[in-house]
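Treat the numbers as computed from the prediction; the structure is a model and nothing was measured.
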Protein chains: 2
Amino acid sequence: MLKPEKISKRQLILAEAAKLFKDRGYSGTSMRDLAGQVGMEAASMYNHIKAKDEILASICFRISDLYISQLGEISATAASYGDKIKALIRLHIRLMVEDGPAVSVANHDWKYLPEPKLGEFKQARKTYEKGFAALIEAGIAAGEFQPVNVSVALFTILSAVRWIELWYRPGRELSAEELEANIITVLLHGLERK
Amino acid sequence: MLKPEKISKRQLILAEAAKLFKDRGYSGTSMRDLAGQVGMEAASMYNHIKAKDEILASICFRISDLYISQLGEISATAASYGDKIKALIRLHIRLMVEDGPAVSVANHDWKYLPEPKLGEFKQARKTYEKGFAALIEAGIAAGEFQPVNVSVALFTILSAVRWIELWYRPGRELSAEELEANIITVLLHGLERK
DNA sequence: TTGGATAACAAACATTAGTTAGTTTTGGCT
DNA sequence: AGCCAAAACTAACTAATGTTTGTTATCCAA
């Protein structure tokens with residue numbers, strides 16, 4: 001007795017919600033707006049989701065889980081710290097390009113999560129940041145990186161990738177690979193010529 | 001017959017609005033919330049402002065005007081392109097540190113501006129980005145910068161400064177000057193050691 | 001074909017939104 | 001002291017919010 005359609009309807013709602021939340025914000029998106037986009041009445045959506053904030057939680061935690069599991073994999077490889085950071089930057093860029101709306105929501109609208117979800121999400125983010133920072137710190141200790149403040153480097157890198165959501169459209173002059181190469185050049189080697 | 005208190009009340013509303021908009025978003029902030037923060041009834045605020053979206057517009061255009069005028073000044077100096085970019089990065093950091101909530105609102109909530117204000121704001125932003133990009137392009141042409149994609153460099157720099165709003169508190173371990181030095185190091189010279 | 005769950009609907013709920021109207025209080029000027 | 005405008009208040013309005021209720025339609029399994 002499989003019900004692939006039920007999962008599919010729920011995920012359709014989640015996908016459309018991510019797009020609307022990204023464009024209009026969580027508070028700026030009404031359940032009727034979302035229903036219109038999905039193609040049903042607002043009341044009907046409650047057959048697939050429990051509440052509006054459950055939609056938000058679903059989107060946010062799917063993304064944070066993804067980041068954390070990928071960070072674990074990348075950390076465990078035998079690559080240099082520079083290559084690990086590059087892999088993480090590529091991960092961020094790929095996720096943003098492939099799953100843009102959901103990533104945007106996880107970046108901006110997580111603050112509308114009600115407790116206790118809010119606390120859980122903050123902790124997940126902190127876990128990720130700690131793991132990322134540890135790589136930068138180890139890279140500095142190993143002499144691979146410049147001795148900058150770790151938090152500054154961490155957040156500069158994390159933020160430097162967020163503009164993609166506002167700017168990048170697949171099929172622009174730039175391919176995803178060129179995008180990666182250019183961003184990594186600026187962040188790892190710097191804008192100025194040596 | 002001066003009325004300094006009237007200006008002051010309006011600016012108190014704008015200042016509190018920027019803080020609330022930053023924390024809860026424009027749609028997530030009610031006029032009653034704001035009134036509570038200001039210390040009056042919601043209806044009373046209409047003696048000082050015309051409408052909720054006028055508050056938003058006031059905040060956004062004050063910031064965009066500031067950026068554009070500063071860009072003009074910096075562009076007109078005789079410094080190297082590297083120094084001009086550094087001066088702009090410093091400007092962004094200083095504004096974020098000194099006027100954080102308003103800068104955050106101009107960064108995130110401008111999209112809730114109603115037309116025709118929305119179009120005007122987008123154009124102002126485009127003007128600023130064009131001017132900033134011109135400096136990067138000239139720097140590349142002069143051989144000062146690496147030959148990266150100009151848009152990528154531009155947005156990477158602009159975004160790299162936004163995390164400050166979420167992270168920096170005056171009186172943290174890092175002074176504003178150290179913050180500037182570290183961010184400029186990462187962006188201009190790169191994380192990796194040469 | 002029919003029974004029972006799944007999912008759609010229209011209608012309504014209580015609450016909150018931004019804003020206006022009407023009235024009272026405040027505070028400086030003559 | 002007394003006036004007058006600025007600015008505060010209470011009350012109310014309409015529209016929109018998230019969600020619930022009760023009912024109908026859909027659809028697969030027996």
Quiz question: going by heavy-atom distance under 3.5 Å, is there a donor-acceptor pair between the base of D:dA6 and the side chain of B:Asn47? no
Result block: side-chain N/O donor-acceptor pairs under 3.5 angstrom for residues 113-127 of chain B, not counting sequence neighbours:
residue, atom, partner, partner atom, Å
B:Glu115, OE1, B:Gly119, N, 3.1
B:Thr127, OG1, B:Gln123, O, 3.0

Residues in side-chain contact (heavy atoms from CB on, under 4.5 Å) contact with [X], at least two apart in sequence or another chain:
{"X": "A:Ala141", "answer": "none"}
{"X": "B:Glu178", "answer": "B:Leu174, B:Ser175, B:Asn182"}
{"X": "B:Ser159", "answer": "A:Trp163"}

If only side-chain N and O atoms of [X] are considered, is one of them under 4.0 Å from the OP1 or OP2 phosphate oxygen of [N]?
{"X": "B:Ser44", "N": "D:dC9", "answer": "yes"}
{"X": "B:His48", "N": "D:dA6", "answer": "no"}
{"X": "A:Lys9", "N": "C:dA8", "answer": "yes"}

Would B:Lys86 and B:Glu180 pass as an ion pair if we require N to O under 4.0 Å? no
My understanding is that only residues two or more places apart in sequence, or in another chain, count here; which of them pass side-chain hydrogen bond (donor to acceptor under 3.5 Å, both in side chains) with [X]?
{"X": "A:Gln70", "answer": "none"}
{"X": "B:Lys19", "answer": "B:Glu16"}
{"X": "A:Asp109", "answer": "none"}

N/O donor-acceptor pair under 3.5 Å between A:Thr77 side chain and A:Ile74 backbone: yes
Ignoring hydrogens and angles, tell me if any N or O in the side chain of A:Asn149 forms a donor-acceptor pair with the backbone of A:Val152 under 3.5 Å. yes
Ignoring hydrogens, what is the shortest heavy-atom contact between A:Ile55 and A:Ala17? Give both atom names and the distance. CG2-CB, 3.5 Å
Considering all heavy atoms of both residues, which atom of A:Asn107 and which atom of A:Glu165 are nearest to each other, and what is their separation? ND2-OE2, 4.3 Å
Interface residues of residues 55-62 of chain A with DNA chain C (non-hydrogen, below 4.0 angstrom): none
Got a sec? Which of residues 35-43 of chain B come in under 4.0 Å of DNA chain D, heavy atoms? B:Met40, B:Glu41, B:Ala43
Output side-chain donor-acceptor pairs under 3.5 Å for residues 33-46 of chain B, partner residues at least two apart or in another chain, one line each.
residue, atom, partner, partner atom, Å
B:Asp33, OD1, B:Ser30, OG, 3.4
B:Asp33, OD2, B:Arg24, NH1, 3.2
B:Asp33, OD2, B:Ser30, N, 3.2
B:Asp33, OD2, B:Ser30, OG, 3.3

Atom [atom1] of [X] to atom [atom2] of [N]: distance rounded to whole Å?
{"X": "B:Arg10", "N": "D:dA6", "atom1": "CZ", "atom2": "P", "answer": "16 Å"}
{"X": "B:Glu54", "N": "C:dT19", "atom1": "CD", "atom2": "P", "answer": "10 Å"}
{"X": "A:Ile13", "N": "D:dT19", "atom1": "CD1", "atom2": "C1'", "answer": "14 Å"}
{"X": "A:Met45", "N": "C:dT6", "atom1": "CE", "atom2": "C1'", "answer": "17 Å"}
{"X": "B:Ile49", "N": "C:dT19", "atom1": "CD1", "atom2": "P", "answer": "7 Å"}
{"X": "A:Leu12", "N": "C:dA8", "atom1": "CG", "atom2": "C1'", "answer": "15 Å"}

So do the side chains of B:Ile93 and B:Tyr168 get within less than 4.5 Å of each other, counting heavy atoms only? no
Bracket notation of DNA chain D in which parentheses pair within the strand, [ ] cross earlier pairs, and | pairs with another strand (Watson-Crick or G-U, under 3.5 Å): |.|||||||||||.|||||||||||||.||
Could you go through nucleotides 16-18 of chain D and list every protein N or O atom that sits under 3.5 Å from one of its N or O atoms, giving the distance for each pair?
residue, atom, partner, partner atom, Å
D:dG18, OP1, A:Thr29, O, 3.3
D:dG18, OP1, A:Lys52, NZ, 2.8
D:dG18, OP2, A:Met31, N, 2.7
D:dG18, N7, A:Arg32, NH1, 2.9
D:dG18, O6, A:Arg32, NH2, 2.9

